[in-house]
Amino acid sequence: MNFQNPSGNGKVKITPLGGLGEIGGNIMVMETNTSAIIIDVGMSFPDDEMHGVDILVPDFSYLRSIKNKIKGIVITHAHEDHIGALPYLFKNQDLQFPIYATPLPLGMIANKFDEHKISKKFFRPVEKRKVYKIGDFDVEWIHITHSIIDASSLAITTDAGTIIHTGDFKIDHTPIDGLPSDLNRFAYYGDKGVLCLLSDSTNSYKPGFTRSESSVGPTFDTIFSKAKGRVIMSTFSSNIHRVYQAITHGIKYGRKVAVIGRSMEKNLNTAMELGYIELDNKIFIDAHEVHRYNDKDVLIVTTGSQGESMSALFRMATNEHRHIKIKPTDQIIISAKAIPGNEASVSKVLNYLFKSGADVAYQDFSEIHVSGHAAQEEQKLMLRLVKPKFFLPVHGEYNHIHRHKETAMKCGIPEKNIYLMSDGDQIELTQRYIKKSGSVKTGKVYIDNQINKQIENDVVIDRQKLAESGIISVIAQIDKSTNKLIGKPKVLSYGIVPDKDMKNFEKEVGDILDQLLINSKKEILQNQKAVENTLRQAVRKHVFRKLKKYPTVVPTIFIL
C-alpha cells in the first residue's frame with residue numbers, strides 16, 4: 001500500500017493538549033521538524049468544585065514553546081468545544097496565527113472576536129475539496145455531517161503520509177440541508193493509502209447507527225399540532241438545523257417566532273447571512289412583543305438546554321426574565337441531552353419548569369433529540385473506507401477511546417498499530433511505526449465569563465477550601481507589658497459553627513489564646529506575625545479534633 005512517502009524518512013509528531021480523557025476542550029498540535037499546525041482550540045465546562053468558574057480553556061504553554069514553528073490554526077467545525085478558547089489564545093499577542101476554516105466556523109469565530117474586540121485580520125477562508133498548503137502540511141477540508149452546519153473532516157498530507165482527522169461526525173444520509181457526508185473523498189484517500197486515522201470516539205459504546213437529524217421533524221410536528229398555548233423550544237445555540245426545524249414547524253402552524261438568547265440570535269443571524277438557511281424576517285418578533293399575540297400564535301426559541309443559571313430559559317423558569325414568564329399552558333421542548341457534568345443543572349431547570357405547571361417534553365420523547373456523533377456502525381464504516389495503517393481514537397474519556405480501539409480491531413487494524421493517547425502525550429508517527437516519544441505539560445485555565453478574564457489557580461483553590469472547610473476570623477488585642485488579652489477576642493465563623501453555638505466557640509478560642517500567651521516565649525509575643533501564625537495553627541488543630549475539618553483561619557492581632 002502506498003502511504004505517499006517515496007523516501008520513507010518523513011516523521012510527524014501529534015500532541016493532544018485537550019479533548020483526551022475528557023469531553024470537550026479539543027485542541028491538538030501536529031508538527032514536523034520545521035512547522036506545526038493547531039487543530040481546533042476548544043473550551044470545556046468546569047465541575048461543581050470550581051466555584052465561580054464559567055469555562056475552562058487549555059493551558060497554552062506548549063504552543064508558546066513552539067510558536068515559531070506554528071503556521072496556522074485549522075478548524076473542523078464551530079462547536080464551543082472546538083472554537084470556544086480561540087479568543088483567549090488570541091489575547092496573547094505572541095500566539096496569534098492564521099485561522100483556516102470554512103464560512104460558518106469563521107462567522108461564529110468572528111462573533112466571538114467582535115465580543116472580545118479582537119481583530120479578524122488572521123482569518124483565512126477555505127473551500128471544501130480544495131487543498132491548502134500550510135507549512136509542511138497539505139490540508140483538505142472534507143464535508144461531514146454533525147449536529148452543526150458546515151462541519152469538516154481533514155485530510156492532512158505530509159512527508160510521512162496522509163493523516164485523516166474525522167473531527168466530530170456522524171454519517172447522516174438525510175441531513176436537513178441535503179448535503180450528506182462526502183464519503184467519496186474518504187474512499188479516495190483510503191484507496192491512495194492513509195497512514196493514520198484519528199476518529200471521534202464520543203459514542204463508541206452505542207451500537208448501530210445514530211439517527212438522522214431529520215428524524216426530529218416528525219416529533220416536532222406531533223408536539224406542535226397538539227400545543228394549545230405557546231411553544232418554547234430550547235437547544236444548543238449552535239444547532240442551527242434543530243432551530244431551523246423548530247421554526248419551520250412554527251411557521252407551518254401559523255406561529256410568530258421570538259428568538260431569545262444572545263448566542264442563539266447571533267448564530268441564527270450568521271447562518272442566514274451566509275446563506276445556510278433561508279427564513280423571512282417577517283416571521284420574527286422581539287421578546288417584548290410576545291404579549292401582543294395569542295399564546296397559540298407564538299414560538300419561542302431560546303438558550304438554556306443545559307440549565308445554565310444565566311440563560312434565558314432558566315430566567316423564564318424562575319420568573320426572572322424581563323418579558324417571558326412560564327405559564328401552565330406552555331409547551332416546553334428541551335431538545336438536547338445534558339453534557340456530562342451538567343446533569344444537576346438540567347434537573348434543576350426541569351424542576352422549576354414542572355413546578356410552573358407547563359408541559360415539558362424532554363428525554364421521554366425518544367426522537368426529540370438525536371446525537372451528532374457516530375455510533376459503532378458509522379465508526380466501522382469510516383475505518384473501512386479510510387483503511388488506515390495506524391489508528392488514534394480521539395475525543396472522549398479513556399473508556400470511550402478504549403471501546404473505539406476494540407471496534408477498530410474488529411475492522412482488521414492490529415492492536416500494535418493502535419495507541420490510546422492522553423492529553424500531553426507526544427505520538428511519533430512514521431511509515432514504519434507509531435510510538436509515544438515524550439510528553440508535555442497540559443492543564444486548564446479558569447475563566448470568569450462575566451468579565452472575560454482568567455481566574456488564577458490559587459483563587460480557585462482558596463474557594464474550594466472555603467467551601468469544604470469554612471473560615472474563622474479572630475480579632476484580639478494583647479497588652480505587651482503584661483502579655484495578656486485586653487478584653488475578649490472577637491470571633492467570626494462561616495461554615496464551621498452554627499450561630500447558636502457561637503458563644504461557646506468564642507470562649508474556646510479565647511481559652512486557646514490565653515493558653516498560648518502563657519506558654520509562648522516572650523520574644524514571640526513581641527512579634528505580631530509570629531503570634532498570628534501560632535494562633536492559626538492552634539485553632540486549626542482544635543477545630544480538627546472536634547469537627548475533622550481544617551478551616552481557613554484569619555487572625556488579626558494587635559499588640560498594644
Side-chain angles (χ1 to χ4, degrees), residues 1-17 19-21 28-39 62 65-66 69-71 74 131 133-140 142 153-167 185-201 204 379-380 382-395 398 401-440 442:
M1 188 176 286
N2 169 30
F3 290 102
Q4 298 182 345
N5 181 27
S7 68
N9 296 323
K11 187 186 295 182
V12 175
K13 191 158 58 178
I14 295 171
T15 310
L17 300 177
L20 271 300
M28 178 177 288
V29 179
M30 204 171 283
E31 59 188 298
T32 63
N33 287 333
T34 54
S35 67
I37 55 173
I38 304 166
I39 300 173
Y62 183 65
S65 72
I66 61 163
K69 287 173 66 175
I70 298 172
K71 306 304 179 187
V74 172
V131 176
K133 186 159 189 62
I134 309 171
D136 294 339
F137 305 90
D138 291 332
V139 185
E140 178 184 339
I142 301 171
S153 297
L154 304 169
I156 304 168
T157 300
T158 72
D159 283 345
T162 295
I163 299 165
I164 301 288
H165 190 308
T166 66
R185 292 309 284 168
F186 293 105
Y188 163 79
Y189 279 105
D191 284 345
K192 282 184 75 173
V194 171
L195 179 65
C196 185
L197 171 67
L198 292 84
S199 189
D200 177 12
S201 307
S204 57
Q379 291 176 342
K380 290 175 187 176
M382 183 62 72
L383 286 156
R384 289 299 191 187
L385 285 172
V386 172
K387 298 177 286 190
K389 182 175 184 179
F390 299 112
F391 180 54
L392 293 170
V394 293
H395 300 173
Y398 193 85
I401 64 171
H402 187 274
R403 189 70 183 82
H404 203 173
K405 169 188 172 181
E406 293 175 355
T407 300
M409 289 168 62
K410 288 176 184 175
C411 290
I413 298 182
E415 185 172 12
K416 66 183 176 64
N417 286 6
I418 304 171
Y419 188 87
L420 303 185
M421 297 187 291
S422 297
D423 286 343
D425 284 351
Q426 295 204 288
I427 305 304
E428 194 172 289
L429 190 61
T430 72
Q431 279 194 27
R432 299 184 306 282
Y433 63 80
I434 183 171
K435 69 176 185 180
K436 179 181 174 182
S437 61
S439 59
V440 301
T442 62

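No experiment lies behind these values; they were computed from the predicted model shown.
In this view, K436 and D425 satisfy the side-chain hydrogen bond (donor to acceptor under 3.5 Å, both in side chains) rule, not counting sequence neighbours. Not counting sequence neighbours, T166 has no partner by the side-chain hydrogen bond (donor to acceptor under 3.5 Å, both in side chains) test. Evaluation of the side-chain contact (heavy atoms from CB on, under 4.5 Å) rule for S437 yields K13, Q426, E428 as partners, not counting sequence neighbours. With sequence neighbours excluded, the residues forming a side-chain contact (heavy atoms from CB on, under 4.5 Å) with E406 are H402, R403, listed by chain and number. The side-chain hydrogen bond (donor to acceptor under 3.5 Å, both in side chains) test applied to Y188 returns K192, not counting sequence neighbours. Remark: K71 engages no residue in a salt bridge (Lys or Arg N to Asp or Glu O under 4.0 Å) (not counting sequence neighbours). Under the side-chain hydrogen bond (donor to acceptor under 3.5 Å, both in side chains) criterion, S201 pairs with H404, not counting sequence neighbours.
Taken to the nearest 0.5 Å, the CD1 atom of I156 stands 8.0 Å off from the CD1 atom of I14. From I427, atom CD1 reaches atom CG of L392 across 6.5 Å, with rounding to the nearest 0.5 Å. Once rounded to the nearest 0.5 Å, the distance linking CD1 of I418 with CZ of F390 reads 11.0 Å.
In this structure, a donor-acceptor pair under 3.5 Å is absent between the side chains of D423 and T442.
Taking every heavy atom of both residues into account, I66 and A36 meet most closely at CD1-CB, 4.2 Å. The shortest non-hydrogen separation linking C196 to P388 is C-CB, 4.1 Å. The shortest heavy-atom contact between T162 and Y189 is CG2-CD2, 3.9 Å.
Look at K11 and D159 and you find no salt bridge, because none of the NZ, NE, NH1 or NH2 atoms lies under 4.0 Å from a carboxylate O.
Listed by first and then second residue, the side-chain hydrogen bond (donor to acceptor under 3.5 Å, both in side chains) pairs that reach into residues 409-422 are K405-E415, sequence neighbours excluded.
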Could you walk me through whether H165 and V74 pass the side-chain contact (heavy atoms from CB on, under 4.5 Å) test, one step at a time?
-> CA-CA 11 Å; H165 190 308; V74 172; over 6 Å; no
